[in-house]
Number of protein chains: 2
Amino acid sequence: MKPFHAYKNPALAVDLAVFGYSDNELSVLLLNRRDEPFAGGWTLPGAFLQMEETFSDTCSRILQTKLGMDKLYLEQLYTFDDPGRDPRGRAISVAYYALVNPATLQVSAGTMAHDVKWMNHKKMPPLAFDHREIYKMALQRLRSKMLYFPVGFELLDDEFTMTELHELYECVLDMSLDRRNFRRKILASEYILPTGAKREGLQNRHPELYSFNKKLKPSNFQLNINLS
Amino acid sequence: MKPFHAYKNPALAVDLAVFGYSDNELSVLLLNRRDEPFAGGWTLPGAFLQMEETFSDTCSRILQTKLGMDKLYLEQLYTFDDPGRDPRGRAISVAYYALVNPATLQVSAGTMAHDVKWMNHKKMPPLAFDHREIYKMALQRLRSKMLYFPVGFELLDDEFTMTELHELYECVLDMSLDRRNFRRKILASEYILPTGAKREGLQNRHPELYSFNKKLKPSNFQLNINLS
DNA sequence: GTTAGTTTGCGTCAGATTAACGCAAACGAA
DNA sequence: TTCGTTTGCGTTAATCTGACGCAAACTAAC
């Protein structure tokens, strides 16, 4: 029997929706294409899977190349198979999304490739291929996931104030949440703990600092917020 | 430039976790393998993607071949990429799950291929490849999805009694749910409506018949049942 | 038909949860 | 020191939940 790869198989791409959060803005990492098709257009960063790679390897390779760092929070999203999605031929795309916190975002400013750019998620340009669809699904997944899984913390630094966490949720979900009720629910979940520390730059320790409680299993984090 | 398929690409398989429900039992469609590797072992039904096919096409082809019918409820689950998952070489598996209602299940009894069998989900044999993992993820997805999305109805006939729906949920979730509270919540969601009909075989119309309300958008179906 | 046991539909109620909002101490800028 | 803002904590009414009672509708046995 011939080896699998001797048969005609579609190309396998891995595409990434990388979200970054800083200064109350949610951004997405976009790549400005140099080559045809869609030369000059915007896409999500991606790469073709090499024979020996896992998806996770490919993600790391993309992130290293474009951001100069990997080891971010990473989650598989969906696999897109529209036969017409790439004009060059049949290509399947396995989409992942990644989350970048402000510190990493700042560091990456120095190591980022010249052909990528952080774009505010409210000012997204048209995207090539079916990348708009991928991006939309990623945002939707992030939004619904942060309601029942402590995933939002991945977008913040290790230590954060309640206000910062609150603003993150309001920003990503694009809705206003009562500050006091949000605090009560988040604290009741016990997924964040006060650190007792005082942040550099602050004169006092009034805005308390919290950190994500990594010892708890994330199974029953539940914010009970109704979208729609 | 060479066409994509001229490069070395992994094989792309589509594997299906097909759930059937009847007589208060949840079953999974298993295939008894004839060829190596794992000859004689059990697997989920699957097939390699043909160049012109969409995943959905491949699913239909598998279901036609093995069940003699397609057009079931179908949802993409996850794409598995462990390089060692197939001893024959690199193969990616895109997993879907499908739901079959009792009527279809009954019809399929006559059209089913001889090498497949419905297996009670509590009596699953060891599965070849990484199919145990796929099956477990499918069951988990079904369980969590039916709590916030009206997907359970796909496992029942068009018309059903409240008791049947209640038993379905208890069976699939493998937990007991208070009959009266379940009724209250389900009816409050307005996703099922009384049909006013009387079922054949029943002498009276006391156990009321209901049907899924397809006019409602399934976005805010919420049963608020706590797993774990 | 009558009777006895089961199923089904509906209601009650105490306790928990939620949304909306008040308030004062802590803070920072003038 | 003063004043407007931020932050932490509390209150309350309305709603939701889980646990369970009850009788009408039904079935099966006699």
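Below, chains carry the letters A, B, ... as their sequence lines are ordered, and counting in each starts from 1.
In this structure, B:L177 atom CG and D:dC20 atom C1' are separated by 16 Å, rounded to whole Å. Nucleotide D:dT5 holds its P atom 16 Å from the CD atom of A:E167, rounded to whole Å. For the pair A:F160 CZ and D:dT7 C1', the interatomic distance rounds to 16 Å; values are reported in whole Å. The nearest whole Å value for the distance from the CZ atom in A:R183 to the P atom in C:dA19 is 17 Å. Rounded to whole Å, atom P of D:dC9 lies 15 Å from atom CD1 of A:I186. Look at CZ on A:R179: it is 12 Å from P on C:dG22, rounded to the nearest Å. Whole-Å rounding puts the A:M162 CE to D:dT7 P distance at 11 Å.
Between B:Y73 and B:Y97, the ring planes are tilted. Angles from 30° to 60° get that label.
Comparing D:dT7, C:dG11, C:dG22 by their nearest atom to the side chain of A:T163 picks out D:dT7. Here the side chain of A:E208 is nearest to one of D:dT7, C:dT8, D:dG8, namely D:dG8. Comparing C:dC23, C:dG9, D:dT7 by their nearest atom to the side chain of A:R180 picks out C:dC23. In this structure, the nucleotide among D:dC22, D:dA19, D:dT7 sitting nearest to the side chain of B:D178 is D:dA19.
Taking the six-membered ring for Trp and the full ring otherwise, the centers of B:F149 and B:F221 sit at least 6.0 Å from each other. Annotation: B:Y210 is not in aromatic contact with B:F160 [ring centroid separation under 6.0 Å not met]. The distance between the ring centers of A:F19 and A:Y21 does not fall below 6.0 angstrom.
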Below 3.5 Å is the cut-off: list the nitrogen or oxygen pairs between protein and nucleotides 11-17 of chain D, distance only.
unit_1 : atom_1 : unit_2 : atom_2 : d
D:dT17 : OP1    : B:N224 : ND2    : 3.0

What N/O pairs connect the protein and nucleotides 14-16 of chain C at under 3.5 Å? Give each pair on its own line.
none

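Ion pair A:R141/A:E75 flagged as a salt bridge, since at least one NZ, NE, NH1 or NH2 atom sits closer than 4.0 Å to an Asp/Glu carboxylate oxygen. Residues B:D174 and B:K122 are paired through a salt bridge, judged by an N-O separation under 4.0 Å between the basic side chain and the carboxylate. For A:K66 and A:D115, the salt-bridge test passes: some basic side-chain N is under 4.0 Å from an acidic carboxylate O.
Sparse packing is recorded around CG of A:D158, with 12 or fewer heavy atoms of other residues, nucleotides or ligands lying under 6.0 Å away.
Looking at residues two or more places apart in sequence or on another chain, you find a salt bridge (charged side-chain N to carboxylate O under 4.0 Å, His left out) between B:D15 and B:R85.
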